[in-house]
Amino acid sequence: MKDLVEKEIRQKAQTLYNYMDDVEAKPIPFKGDWGFSTTIAFKIAGTQKGNFHNALKEISETLASNLEFGKEVSRVETVNGYINIYLNANTYAQNVIKTILNTQYGKGVTKKDKIMVEYSQPNTHKAFHIGHLRNTCLGASLVDVLRYAGYSVVAANLINDTGAHVAKWLWCYSTYHKAEAPPEKKSEWLEHIYVEATQKLAKNPEYELQVKKMLQRLEQKDPEVTKIWEQTKQWSMDEFHRIYSELGVQFDVYFYDSTLYEEGKEIVQELVEKEIAEESEGALIIDLDHLLGTDDVYKTFVVLRSDGTALYQTKDLALAKRKFEGYGIDRSIYVVGSEQKLHFQQVFKTLELAGFKQAKKCYHLSYELVMLKGGKMSSRLGNIVFYDDLYSEVYEEALREVEKRDIVQENKEETARMVSMGAIKFSMLRKDNNKVIVFDPKEAVNFEGQTGAYVQYAHARASRILEKDAYDLNAMEFEELTVQERNLLEVLTKFPDSVEQSAERYKPSIMATYVFDVAKAFNEFYHACPVLQAEPATKNARLALVSATTRILKSGLQLLGIEAPERM
RNA sequence: GCCCCUGUAGUUUAGUGGAUAUAAUACGGGCCUGCGGAGCCUGUGACUCGGGUUCGAAUCCCGACAGGGGCACCA
């Protein structure tokens, strides 16, 4: 409908005023008025000479009187230059509900771009913490949102299974924990050894040499080291797969650092031959500012350690190429924390200098950190909040809540699982990417207000009504629509736009906010408008409306990776 | 010092140039035995400051101020 309104305005603006730009219709911002509004008269008046306000008045009135719509529009009027198009509520409501129930509402048209989204990127030999959780929720949701918006998407993960942190871990393990097997909680145990290594090195810097040696042996595929590495790495991988399955996250491709550094080193050699990379203090570097003619922006970029071992950036150069060459993608998105912004600018600029054409199609989707009240999480300080601990705490709280209600007799554990997972994911997604999340344990176990549980609850309530009676779409007839019905319907019609916005701007937070708005509108409707007790005609119409609402809630939640329980 | 991000009710937050700034939470006051009170209604309360662009600025530009992150062999 919005499209139709926009199209009609665009057409008349063209024929009457030769106005070629795009036209946007927005909802009339006043409570109780249902329809669309456009500010086009302001824009046309702005291009004309003479008195602005006279022109504005004349244009808006001429345009308004020339607009022609079908029976879904009740009237058109102008107010201070705004042109308001009021909807015929009953007819429009019927069409909206039918569209929602009979089509894949909000599903974008198939787009030609194939996009790779790389996210999660856990480090083996370390624990999965709430920082990874934000990344993983964000990436997983983005994949779903982009797919729903019509893109073809490859979900990729990069396992950081080699490098300095692994060498540090292996050193500590083989000198102090030789042949030790992990306990049941592998994740935490792995992390402990890493922390122990860091502490030992801080106290005795002379051990650094041993770690360095370990890294070299690892890269040279020393059989003894490789054997331990493979075994211990597997423990990490087991944990990751368990966690991904709990989160309901799936990847199409797994990349491993350990399979990238050799190719990375070759690329570095080419860069040396092209005189892009040069030697400095034994290491190979790229003086980006010098090459690009900038001043202190891109800094120097180290691409190979002085002992010949690879860095993260060495591998990233190879990975960028492998993505485009191996998967036929048009765009490559890296979901990585904002603290690595400079790193990716350096990687992409280097690729550009090296003549890699798709360098401009690489995009670092940065998001802000998850912090604690006291500041950053750090292994050294031992203040990391692990995913496993967070989950069990929230789960216990959800289970206590569930047990208070006799509506859920069976599947208490399953319901608690859905609710706790929903709470965690929603809290990770509802904020804008570039805002810091300060993790608060009290807030994490809260199921009131702007939370996943609130949205799920609305869905459960709506589902329960539908269990109790059936409706006939063809006989749907609204009498006078109540404010709450109109408001709910208006919110429902915004779904396609929210999908598109989330996808184009890479912001699942838009979908989270949207889904909350739907739940809010539904709860208001629920209290004001009886469904099952209403007169037959109204009951039928309201049942259809409730049904449409559950559809949207479920689809929206799904795009966030959140399940929609029917009872809770 | 340089680069990036963020400044909106006490706190958390929506808002990619349009009318009366969106919610949550906290605090105060209410909700009839009507589909489930993880809910609803109601009151109090906000655009960091100074310039500029524009018919119109929370939104764009410039400059302050405040917080966070990054800047050579970590990822």
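Here is the naming used below: chain letters follow the sequence lines, and residue numbers restart at 1 for every chain.
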Using salt bridge (Lys or Arg N to Asp or Glu O under 4.0 Å), reason through A:Lys57 and A:Glu61 one step at a time and then give a plain yes or no. CA-CA 6 Å; A:Lys57 189 164 190 288; A:Glu61 281 169 8; 3.5 Å; yes
Using the C1' atom on both, measure B:C41 against B:U59 and round to a whole Å.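 About 33 Å, rounded to a whole number of Å.
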Aromatic rings A:Tyr312 and A:His343: how do their planes relate, parallel, tilted or perpendicular, breaks at 30° and 60°?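 Parallel, since the angle between the ring planes stays under 30°.
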Nucleotides 54-63 of chain B: which of its N/O atoms have a protein N/O under 3.5 Å away?
none

Indicate yes or no for a side-chain donor-acceptor contact from A:Asn51 to the backbone of A:Asn54 under 3.5 Å, with no hydrogens or angles considered.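 The answer is yes, because a donor-acceptor pair under 3.5 Å joins these two groups.
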On a whole-Å scale, what distance lies between the C1' atoms belonging to B:G17 and B:U54?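 Per the computed distance, 9 Å lies between those C1' atoms.
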Quick check: does any side chain N or O of A:His364 sit under 3.5 Å from a backbone N or O of A:Ser338, one acting as donor and the other as acceptor?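 The answer is no, because no donor-acceptor pair under 3.5 Å joins these two groups.
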Nearest-angstrom distance from the residue atom CG of A:Asn434 to C1' of B:G68: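 To the nearest whole Å, that distance equals 12 Å.
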Once you round it to whole Å, what is the distance between C1' of B:C2 and OH of A:Tyr298?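 Answer to the nearest Å: 14 Å.
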Measure from CD on A:Gln450 to C1' on B:G15 and round the result to the nearest Å.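 So the two atoms are 13 Å apart, to the nearest Å.
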On the 0 to 90° scale, with breaks at 30° and 60°, tag the A:Phe344-A:Phe348 ring pair as parallel, tilted or perpendicular.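 Aromatic pair A:Phe344/A:Phe348 classed tilted.
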A:Phe447 and A:Tyr457: ring pair (Phe, Tyr, Trp, His ring centres under 6.0 Å), yes or no, with the steps? CA-CA 10 Å; A:Phe447 303 121; A:Tyr457 183 61; over 10 Å; no
Is there a donor-acceptor pair under 3.5 Å between the side chain of A:Trp229 and the backbone N or O of A:Asp161?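 Confirmed, A:Trp229 side chain pairs with A:Asp161 backbone.
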Within the 4.0 Å limit for protein heavy atoms, which parts of nucleotides 29-41 of chain B are touched? Write it as a string from 5' to 3', B for base, S for sugar-phosphate only, - for none. -----BBBSBBSS
Using the side-chain hydrogen bond (donor to acceptor under 3.5 Å, both in side chains) rule, pick out the option among A:Asn434, A:Asn135, A:Asn433 that qualifies with A:Tyr367.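 Of A:Asn434, A:Asn135, A:Asn433, side-chain hydrogen bond (donor to acceptor under 3.5 Å, both in side chains) with A:Tyr367 is met by A:Asn135 alone.
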Determine, for nucleotides 69-75 of chain B in 5'-to-3' order, which nucleotides have protein heavy atoms under 4.0 Å from the base (write B), from only the sugar-phosphate (write S), or from neither (write -). SSBBBSB
What's the gap between B:G7 and B:A14 when it is taken at their P atoms, as a whole Å value?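 Result for the P pair: 8 Å, nearest Å.
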What's A:Gln501 touching, base or sugar-phosphate or nothing? Going by heavy atoms closer than 4.0 Å.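 The residue A:Gln501 makes base contact.
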C1' spacing across the pair B:U11 / B:A26, given as an integer number of angstrom: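 Those two atoms are separated by 8 Å.
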Give the dot-bracket string for RNA chain B, reading 5' to 3', where a pair is Watson-Crick or G-U wobble with both distances under 3.5 Å, ( ) marks pairs inside the strand, [ ] marks pairs crossing earlier ones, | marks a partner on another strand, and . marks unpaired. (((((((..(((.....[....))).(((((.......)))))....(((((..]....))))))))))))....
Measure CG/A:Asn433 against P/B:U16 and give the value in whole Å, please.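 For the pair A:Asn433 CG and B:U16 P, the rounded distance is 15 Å.
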P atom, B:A23 versus B:A46: distance in rounded Å?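 Comparing P positions in B:A23 and B:A46 gives a spacing of 15 Å.
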Examine distances only and state if a side-chain atom of A:Arg430 and a backbone atom of A:Thr451 form a donor-acceptor pair shorter than 3.5 Å.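 No, because the side chain of A:Arg430 does not come within donor-acceptor range (under 3.5 Å) of the backbone of A:Thr451.
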Distance-only check: which donor-acceptor pairs under 3.5 Å involve side-chain atoms of residues 300-307 of chain A, not counting sequence neighbours?
from	atom 1	to	atom 2	distance (Å)
A:Arg305	NH1	A:Thr309	OG1	3.0
A:Arg305	NH1	A:Ala310	O	2.9
A:Asp307	OD1	A:Thr309	N	3.0
A:Asp307	OD1	A:Thr309	OG1	2.7
A:Asp307	OD2	A:Gln216	NE2	3.3

Strictly distance-based, threshold 3.5 Å: is any side-chain N or O of A:Ser236 a donor or acceptor partner for the main-chain N or O of A:His125?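 Pair found, side chain donor or acceptor close to backbone of A:His125.
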Expected output: side-chain A:Thr482 to main-chain A:Glu485 donor-acceptor under 3.5 Å: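 A pair under 3.5 Å: yes.
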Distance between C1' atoms of B:C61 and B:C74 (Å, rounded):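 Going atom to atom, C1' in each nucleotide, I get 38 Å.
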To the nearest Å, how far apart are A:Phe36 CZ and B:A19 P?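 Answer to the nearest Å: 17 Å.
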Listing, residues 514-522 of chain A side-chain donor-acceptor contacts under 3.5 Å, not counting sequence neighbours, or none:
from	atom 1	to	atom 2	distance (Å)
A:Tyr514	OH	A:Val491	O	2.8
A:Tyr514	OH	A:Leu492	O	3.4
A:Tyr514	OH	A:Phe495	N	3.3

With a non-hydrogen cut-off below 4.0 angstrom, is A:Thr451 in contact with a base, only sugar-phosphate, or nothing?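 The answer is nothing, as A:Thr451 stays clear of every strand by at least 4.0 Å.
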Check: A:Cys137 main-chain N/O paired with A:Ser141 side-chain donor or acceptor under 3.5 Å: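 Side chain of A:Ser141 to backbone of A:Cys137: no pair is present.
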What integer number of Å spans the P atoms of B:G10 and B:C5?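 So the two P atoms sit 27 Å from each other.
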Within the structure shown, what part of the strands sits under 4.0 Å from A:Asp316 by heavy-atom distance: base, sugar-phosphate, or nothing?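 Counting heavy atoms under 4.0 Å across all strands, no contact is made by A:Asp316.
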Any base atoms under 4.0 Å from A:Lys404, or only sugar-phosphate, or nothing? Heavy atoms, all strands.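 Here A:Lys404 touches no strand at all.
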Calculate the interatomic distance between A:Asp22 atom CG and B:G17 atom P; express it in whole Å.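 Checked: the CG to P distance equals 13 Å.
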Respond yes when some side-chain nitrogen or oxygen of A:Lys431 is under 4.0 Å from OP1 or OP2 of B:U13, and no when none is.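 For A:Lys431, the contact criterion (side-chain N or O under 4.0 Å from OP1 or OP2 of B:U13) is met.
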Rounded to whole Å, how long is the line connecting atom CD1 of A:Ile28 with atom C1' of B:G18?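 Interatomic distance, CD1 of A:Ile28 to C1' of B:G18: 14 Å.
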What's A:Arg430 touching, base or sugar-phosphate or nothing? Going by heavy atoms closer than 4.0 Å.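 Since only primed, P, OP1 and OP2 atoms lie under 4.0 Å of A:Arg430, the category is sugar-phosphate.
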Could you check how far CG of A:Asp33 sits from C1' of B:G18, rounded to whole Å?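 Atom-to-atom, A:Asp33 to B:G18, this comes out as 16 Å.
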Can you tell me, in whole Å, how much space there is between the P of B:C49 and that of B:A66?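 Their P atoms lie roughly 15 Å apart.
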Just call it for A:Phe30: base, sugar-phosphate, or nothing, with non-hydrogen atoms closer than 4.0 Å on any strand.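 A:Phe30: base contact, heavy atoms under 4.0 Å.
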Heavy atoms under 4.0 Å, any strand shown: does A:Asp440 hit a base, just sugar-phosphate, or nothing?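 No contact.
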